[in-house]
Amino acid sequence: MERLICKSLLWKIGFTNGDDYNKTLDEMFIANSDSDMLLELESCSSDCDTTFDVLQRYWKYGCNNFSNDVFGKCILQDLKEIYFANIFTIELYAKMCYSLWKHLPSEINAIEPFHTLSYAVDPLSWNDEKQTRKLYEELFDFYK
């Protein structure tokens, strides 16, 4: 479920258009078609907000074996690919990362590597793009 939550978050923030989320959901549903949770998610897979709400509820109340490391590796890999694709300006990318951080549960948003997402945008306020980029590029190597 960590991968699915990761993909949902990226879609919710606007990093992706939902295709990666739906592909991941379809793969999981094919492998486990008797899952009520996956069936519910399939039924709302075209609605980003509803999808995110369902997954947030699951993440908060039903996910007993959530792995911060599995989730962290997934989110950082995807963020790295988006970063190096130069789809967004560094300013927009940093604001979106901050928004992503705000959507994380309080149990994990204060720990690394996730906490970096809360302050990597700060150097941009004094026009230090180099420092912001350094923070992100070091973040991407957290699990190496």
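Predicted model, so just to flag it, every value in this text is computed and none were measured.
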Exercise for review: Could you check if a side-chain atom of M1 sits within less than 4.5 angstrom of a side-chain atom of L55, using non-hydrogen atoms only?
Suggested key: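 Heavy-atom side-chain distance check passes, below 4.5 Å.
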Single-linkage hydrophobic cluster [X]~[Y], side-chain heavy atoms < 4.5 angstrom:
X	Y	result
L79	L124	yes
L4	F29	yes
L41	Y58	yes
I75	F84	yes
Y119	F142	no

Exercise for review: Ignoring hydrogens and angles, state whether a donor on the side chain of E137 or Y83 is under 3.5 Å from an acceptor on the partner side chain.
Suggested key: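 The criterion, which ignores hydrogens and geometry beyond distance, is satisfied for Y83 and E137.
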Is a side-chain donor or acceptor of [X] paired with a backbone partner of [Y] at a separation under 3.5 angstrom?
X	Y	value
S35	N32	no
T50	C44	no
Y21	L9	no
S99	I13	no

Spacing of [atom1] belonging to [X] relative to [atom2] belonging to [Y], to within rounding of 0.5 Å:
X	Y	atom1	atom2	value
S67	K73	OG	NZ	7.5 Å
F52	H103	CZ	NE2	4.5 Å
C74	R3	SG	CZ	6.5 Å

**Study point:** Passing option when F15 is tested against D20, I82, I87, D78 for side-chain contact (heavy atoms from CB on, under 4.5 Å)
**Key:**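 Only one of D20, I82, I87, D78 forms a side-chain contact (heavy atoms from CB on, under 4.5 Å) with F15, namely I82.
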Exercise for review: Look at K134 together with E138 and state whether they make a salt bridge at an N to O cut-off of under 4.0 Å.
Suggested key: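 Salt bridge flag = yes for E138 with K134.
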